[in-house]
Amino acid sequence: MSHLNVKVAAIEQVTEHVKHFTFISENGEKLPAFSGGSHVVLALNINGRIHRNPYSLMSSPLNTEHYGVSVRKQEMSRGGSVFMHEQIKVGSRIQITYPVNLFSISKLSHKNILIAGGIGITPFLSQIVDLNRMDTEYELHYAYRSPEHGAFRQQIEDMCGERSHFYVASDGQILDFYALLSKQPLGTHVYVCGPEPMVNAMIAAARDLGWPEKHIHNEQFTAPQAGESFKVKLALSNIELEVPSEMSMLEAIEEAGVDAPYLCRGGACGRCELDVVSCDGSIVHHDNYLTNAEKTGGKKIMPCVSRAKCQQIVVNL
Amino acid sequence: MERQYWIRSKPVYTSLLWHEKATAHLVIAEGDGGMAVLKLLQQKYPTQQVNGFFVKSPNALKNYADIISSLAPAEFKVFGNTTEALNSLKITLADCCMGTCFYVAGSEGFIWQVAKVLASVGVQDDDIDKELCGTLARTVYCVHCKAITHDAHHSVVACSGCQRQLFIRDHFSRRLGAYMGLMVDAEQPGILPSIEEVYP
Ligand code: FES
């Protein structure tokens with residue numbers, strides 16, 4: 001994959017746990033155009049190892065002088081977000097991928113309902129710019145824990161006006177998916193981004209009410225989780241490597257110098273799928289892409305998020 | 001016929017089955033599509049509201065309208081022609097919400113006329129269950145003069161616009177609700193392949 005070299009131009013502490021980073025291109029030129037909902041993958045060199053984390057672009061698609069991403073510090077994660085919060089400074093140089101959009105507004109929609117939970121608000125900030133420009137009907141529903149956690153609320157009110165609705169859990173304001181989704185006109189599409197339980201509850205409610213699948217969109221990127229280390233053999237390239245506990249299988253493959261395909265790095269898009277030739281243990285699937293039958297079948301793995309509990313797993317790469 | 005490989009644009013038709021998860025149901029059928037409606041009525045009837053539209057056709061095997069009217073627990077509106085039915089459908093659609101499930105049955109031409117009306121309110125092709133009934137007759141669009149020819153039963157049909165002999169492909173345009181027709185004797189005028197009745 002080809003990369004862009006960017007430099008951190010500004011950092012802003014948005015809430016206690018969220019920082020916003022502004023990137024400009026290293027050579028001072030404009031960055032590539034993108035559409036609302038796109039993400040980029042940041043390559044972070046953490047203790048000599050390259051971690052690659054996807055983040056939604058939340059700056060305006062109309063201004064590519066810079067890109068903006070927001071990162072919530074996840075203490076429990078493998079360290080990418082902590083590294084962004086603690087090590088990245090103004091002037092730091094980072095390599096990022098070209099923007100990819102796996103969460104775009106459907107061209108067939110007549111109305112769009114955007115539902116965000118917490119930091120899941122980020123992809124919607126760039127989408128709103130597109131929606132305002134296209135003059136498409138939409139509503140934004142943003143739920144968060146308590147007033148201090150309502151990142152970008154003012155900006156959203158300015159951009160969306162009456163189309164924005166806020167639900168602050170600490171004030172007892174609950175977003176009722178059934179009430180929201182049961183009276184929508186035909187041609188409505190719904191988009192959700194947020195913590196997994198919220199995403200799942202929204203999807204379940206929409207299905208329960210008879211919404212067709214093509215109208216339900218989610219960006220459920222799971223962050224790769226740490227786990228036990230295991231050995232991987234790449235049958236086609238004839239390379240053996242070890243996946244350390246702190247690294248994803250995809251990152252380990254990349255570190256071995258093999259160019260493996262990917263887009264979302266969050267178990268959502270299906271691009272990184274590998275065929276499993278053999279595995280002397282079990283596969284621990286963390287993705288939202290494979291069907292349950294495929295997961296139990298044990299013949300496929302999504303190396304961006306999934307791992308194996310075994311001595312050795314052999315894949316066709 | 002092209003049997004060697006699957007043309008992606010070729011529509012898929014199934015047997016109609018009620019969706020259990022729904023907020024309302026809309027059934028739209030024509031002619032022999034009445035049989036698909038009767039099969040629906042044999043299944044466990046939905047608890048949600050059902051709206052029915054039926055278009056009578058002189059070509060249908062039976063007078064399904066009467067049987068449906070006597071069997072259906074909810075009113076099935078019966079129409080003498082498709083235009084009237086579609087006009088009435090449009091009025092009903094204005095009050096429909098997301099969660100309404102759509103079931104369409106009848107000839108291919110009818111199915112795609114309905115799909116076009118539904119698309120205008122944002123209901124996508126994939127959201128609609130369709131059952132092809134009665135005839136496989138194809139609507140054909142001529143790639144040369146753009147004219148539409150209805151009710152083609154044979155592998156080759158004369159274009160209603162330019163009179164060229166068209167070979168009917170499996171490529172289907174959802175927008176036009178018709179299959180692509182290509183001049184069959186372009187290289188050797190007048191030399192036609194054997195013509196078979198493949199869409200009875
Ligand atoms: S890269 Fe998208 S599922 Fe792995």
Side-chain angles (χ1 to χ4, degrees), chain A residues 37 102-115 127 130-131 134-141 163 165 175-192 199-218 270 289 291-292, chain B residues 8-9 11-14 16-28 40 43-51 53 86 88-104 112 114-130 173-175 177:
Chain A
L102 300 173
F103 195 48
S104 54
I105 296 293
S106 165
K107 295 212 165 42
L108 298 172
S109 68
H110 287 207
K111 177 181 176 184
N112 300 285
I113 297 188
L114 318 178
I115 300 177
Q127 279 182 343
D130 281 350
L131 287 165
M134 296 182 304
D135 206 16
T136 314
E137 199 185 335
Y138 73 92
E139 288 170 13
L140 173 74
H141 299 265
R163 290 182 283 206
H165 307 266
L175 171 49
D176 178 347
F177 295 130
Y178 281 87
L180 176 61
L181 300 178
S182 61
K183 291 262 160 359
Q184 294 299 337
L186 293 176
T188 305
H189 284 240
V190 64
Y191 309 76
V192 62
V199 172
N200 291 342
M202 197 298 292
I203 295 174
R207 285 187 182 148
D208 222 26
L209 291 166
W211 283 54
E213 291 300 320
K214 284 271 163 75
H215 293 244
I216 309 172
H217 311 264
N218 76 90
Y289 178 78
T291 62
N292 283 336
Chain B
R8 267 194 52 185
S9 62
V12 177
Y13 303 104
T14 54
L16 300 186
L17 282 178
W18 297 115
H19 287 250
E20 215 177 303
K21 295 189 170 165
T23 35
H25 306 266
L26 213 88
V27 183
I28 311 132
L40 266 179
Q43 300 162 26
K44 184 168 168 277
Y45 198 70
T47 50
Q48 304 87 359
Q49 197 196 341
V50 178
N51 264 309
F53 295 79
L86 294 182
S88 169
L89 172 67
K90 282 177 199 159
I91 296 166
T92 304
L93 286 175
D95 296 324
C96 288
C97 286
M98 284 300 293
T100 306
C101 293
F102 296 92
Y103 312 83
V104 184
W112 292 96
V114 175
K116 203 167 172 181
V117 171
L118 294 179
S120 70
V121 293
V123 177
Q124 296 171 212
D125 178 15
D126 284 311
D127 310 344
I128 310 167
D129 288 348
K130 316 171 196 76
S173 158
R174 280 164 170 64
R175 194 176 53 80

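Residue numbering restarts at 1 for every chain, and letters A, B, ... go by the order of the sequence lines.
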Show your reasoning for whether side chain to side chain donor-acceptor pair (under 3.5 Å) applies to A/His189 and B/Gln124. CA-CA 11 Å; A/His189 284 240; B/Gln124 296 171 212; 2.9 Å; yes

Electrostatic pair A/Lys111-A/Glu139, nearest N-O below 4.0 angstrom: yes

As an exercise: rank B/Asp95, B/Thr23, B/Asp127 by heavy-atom pairs under 4.5 Å with chain A and give me the winner. B/Asp127

Contact winner vs chain B - A/Ser182, A/Ser106, A/Pro185, heavy-atom pairs under 4.5 Å: A/Pro185

With a 4.5 angstrom heavy-atom cut-off, is it the side chain or the backbone of B/Leu118 that approaches chain A, or both, or neither? neither

With the side chain counted from C-beta on, respond yes when B/Met98 and A/Leu181 share a heavy-atom pair under 4.5 Å apart, and no when they do not. no

Between B/Asp126, B/Thr100, B/Leu93, which has the largest tally of heavy atom pairs under 4.5 Å with chain A? B/Asp126

Would you indicate whether the side-chain heavy atoms of A/Thr136 and A/Ile105 approach each other to under 4.5 Å? no

What part of A/Ser109 lies closer than 4.5 angstrom to a heavy atom of chain B: side chain, backbone, both or neither? neither

Segment of B/Ala119 engaging chain A (4.5 angstrom heavy-atom cut-off): backbone

With no hydrogens and no angle check, just 3.5 Å: does a side-chain donor-acceptor pair link B/His25 and B/Gln48? yes

